[in-house]
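One structure is given here, and the rest of the page talks about it.
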Amino acid sequence: MEKKQIEVLENGNVRVTIPLIFKIAGGRTRIFTPDSEHVEYTPIQLALARAFRWQKMIDEGKFSNIKDLAATVGVDSGLISRTIRLTLLSPKIIHKLLSGELDLSWDSCRRSFPDSWAEQEKMFHD
């Protein structure tokens, strides 16, 4: 691939050319440079990020409840409820999911899990 190029045009303007890579992931277009490191996140990692962001929005009073948040975000309130439940996972499990040490499917986390962190860790074979 080409590297960044700087060219002075006849009229004195400067043209900077930067090669870009466009990738569609999760329905969004992302832009990368050829030498940039980009990370592909697992569905559970993305769900965890959303869960904590959504919970923070409710905690900070930006939305009074899940129903209001769902209407604004444009998704079903049930999905938001199931996703926010991920914030109740053991910090040890969350760390392992985010670091890639533990590979769980989104479906396995959507099912009910115990309140006790020790029981969760046993359940998810930690």
Contacts table for residues 65-74: side-chain donor-acceptor under 3.5 angstrom, sequence neighbours left out:
| unit_1 | atom_1 | unit_2 | atom_2 | d |
| --- | --- | --- | --- | --- |
| N65 | OD1 | K67 | N | 3.1 |
| N65 | OD1 | D68 | N | 2.8 |
| D68 | OD2 | S64 | OG | 2.3 |
| T72 | OG1 | D68 | O | 3.1 |

**Message:** With side chain to side chain contact (heavy atoms under 4.5 Å, CB included) as the criterion, how do I58 and I84 come out once you've worked through the C-alpha distance, each side chain's angles and the decisive distance to 0.1 Å?
**Reply:** CA-CA 10 Å; I58 291 172; I84 285 179; 3.9 Å; yes

**Prompt:** Heavy atoms, side chains only, cut-off 4.5 Å: are L97 and L48 in contact?
**Reply:** yes

**Message:** Would you say that W117 contacts L89 through its side chain, given a criterion of any heavy-atom pair below 4.5 Å between the two side chains?
**Reply:** no

**For P114 against E119, the heavy-atom pair lying closest together** = CB-OE1, 3.4 Å

**Request:** Say whether, by atom type as modelled, one donor and one acceptor occur between the side chain of Q55 and the main chain of L86 under 3.5 angstrom.
**Result:** no

**Asked** How about Q120 and S90: does a side-chain donor come under 3.5 Å of a side-chain acceptor?
**Response** no

**Request:** Evaluate the criterion side chain to side chain contact (heavy atoms under 4.5 Å, CB included) for residue pair K96 and I93; output intermediate values, then yes/no.
**Result:** CA-CA 5 Å; K96 288 191 176 211; I93 293 173; 5.8 Å; no

**Item:** Residues forming a salt bridge (Lys or Arg N to Asp or Glu O under 4.0 Å) with E60, sequence neighbours excluded
**Value:** K56, K62

**Item:** Atom CG of D107 with >12 non-hydrogen neighbours under 6.0 angstrom
**Value:** yes

**Asked** Any donor and acceptor pair, going by atom type alone, linking the side chain of R85 with main-chain N or O of R111 inside 3.5 Å?
**Response** yes

**Request:** Start with the C-alpha distance between F124 and F113, add both sets of side-chain angles, then the distance that settles side chain to side chain contact (heavy atoms under 4.5 Å, CB included), and finish with yes or no.
**Result:** CA-CA 9 Å; F124 293 114; F113 50 80; 4.3 Å; yes

